[in-house]
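Quick note on labels: first sequence line is chain A, next is B, and so on, each numbered from 1. Predicted model only: the values in this text are computed from it and were never measured.
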Number of protein chains: 2
Amino acid sequence: MDRFYQKCKQHSLKITPQRTAVYKTLEASSSHPCADMIHKVLQKEFPNISLDTVNRTLITFSKVNIIDVVEGRGDPRRFDPNLDAHHHFHCLACNKIFDFHDTALDQITPSSDIAKKFIITGKKIVLKGYCDNCRSQASTL
Amino acid sequence: MDRFYQKCKQHSLKITPQRTAVYKTLEASSSHPCADMIHKVLQKEFPNISLDTVNRTLITFSKVNIIDVVEGRGDPRRFDPNLDAHHHFHCLACNKIFDFHDTALDQITPSSDIAKKFIITGKKIVLKGYCDNCRSQASTL
DNA sequence: TTGACAAATAGGATCAAATCCTATTTACTA
DNA sequence: TAGTAAATAGGATTTGATCCTATTTGTCAA
Ligand SMILES: [Mn+2]
Ligand SMILES: [Mn+2]
Ligand SMILES: [Zn+2]
Ligand SMILES: [Zn+2]
């Protein structure tokens, strides 16, 4: 919670009851919930809280590194015809996905207890950041 | 293209002009396009092709490993309050995301020329497959 | 402590991706 | 070449995300 107040101050985000509640709810969860799930939970405490506020708040938090967005960014599904071992760099600004090759990264293997616990059908390494064209926008952080 | 016919036969998928065209278009691309982009391209050749067909076809292809789905599965954005180094396992059946820790994987570093070419702000390793609860459904492959 | 102001919110409208539905067409098999 | 299951078109529906604007609220300086 300290971290939350700190980061808000640091980026001059106003501390509102809604924001506090959104953060608390997410922090208490372990299911990597989406905005809608959090909204449903919060409606008990704030019958009028809007989905837009929850969604906006989560995105705001992720922009200032209070939380993370995982596995999918709400963008449309995208496809790849290339099944050979390769990896991706995803530009946060222009949304392009670039292939890159790295034999060292191809070798990585999750530890055996993970492999025991789950049936693993695929693994991928995704880098995110800013491509050459969008370097300048990186300062927006 | 051989691979395409083989896999279709193997899974008794009918070879239709639409499917062939979808595959050719994706194969010719290098931008990791979404269904809508492919649909737009194909409309020149097939004025009546439906978006549903393109979308369904792509998903079908990915199920039988003719192509891959990358970065986002069209699902809603999901969030993570945990900023510590950790990794994710994503169950394809129940859509749950599980945390796991692996200090070896934490160490991985992309080669320097990648770091030179892009501004990297994050890296993650995502495993996909079937969790304990959903093991049985893995046979659907 | 108060007042001013920029920032945040609610609620509804709109947009866009994905999925569903059903009548029709088509690819495969025998 | 005919029969059948599978695939498609096209429109409707669902749902996540975003936009819009009037109203409310947190913050800061007087
Ligand atoms: Mn790729
Ligand atoms: Mn996590
Ligand atoms: Zn870019
Ligand atoms: Zn599962």
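The minimum heavy-atom distance between A:K123 and A:D106, with the atom names listed, is NZ-O, 3.4 Å. Counting all heavy atoms, side chain and backbone alike, B:R19 lies closest to B:T60 at NH2-CG2, 4.5 Å.
Taking the nucleotide of DNA chain D with the nearest heavy atom to each of A:D52 and B:T53, the more 5' of the two is matched to B:T53. Residue order along DNA chain C, read from the 5' end via each residue's closest nucleotide, puts A:Q18 first among A:Q18 and B:A35.
Side-chain contact between A:R78 and A:I97 is present, with at least one heavy-atom pair separated by less than 4.5 Å.
The pair B:K117-B:D113 fails the salt-bridge criterion, with no side-chain N (NZ, NE, NH1 or NH2) lying under 4.0 Å from an Asp/Glu carboxylate O.
Close to D:dT8, at under 4.0 Å from its OP1 or OP2, lies no side-chain N or O of B:N48. The shortest distance between the side-chain N/O atoms of B:R77 and the OP1/OP2 oxygens of D:dG16 is not below 4.0 Å. In this structure, A:T16 reaches the C:dT9 phosphate: one of its side-chain N or O atoms is under 4.0 Å from OP1 or OP2. Under 4.0 angstrom from either OP1 or OP2 of D:dT8 there lies at least one side-chain N or O belonging to B:R56. Between B:N55 and the phosphate of C:dA17, there is no side-chain N or O to OP1/OP2 separation shorter than 4.0 Å.
Two end axes, each from the C1' atoms of five base pairs, can be drawn for the helix from C:dT1-D:dA30 to C:dA30-D:dT1; they diverge by 40°, to 10 degrees.
Distance OH (A:Y23) to P (C:dA8): 18 Å, rounded to an integer number of Å. Put simply, CG on B:L51 is 18 Å from P on D:dT13, counting in whole angstrom units. In this structure, B:Y5 places its OH atom 12 Å from P of C:dA27, rounding to the nearest Å. Rounded to an integer number of Å, the gap from CG of B:L58 to P of C:dA17 is 14 Å. Regarding B:K14, its NZ atom lies at a distance of 10 Å from the C1' atom of C:dT29, rounded to whole Å.
When ring centroids are compared, A:F4 and A:F61 come within the 6.0 Å threshold. Remark: aromatic rings of B:F89 and A:F118 are close, center separation under 6.0 Å.
Contacts of B:I59 with the nucleic acid, taken as non-hydrogen atoms under 4.0 Å apart, involve only primed sugar atoms and P, OP1 or OP2. Within the 4.0 angstrom heavy-atom criterion, only backbone atoms of the sugar-phosphate kind lie near B:I15; the bases stay farther away. Residue contacts for B:I49: at a heavy-atom cut-off of 4.0 Å it reaches the sugar-phosphate backbone alone, with no base atom in range. Among the atoms of the strands shown, none is found under 4.0 Å from any heavy atom of A:P47.
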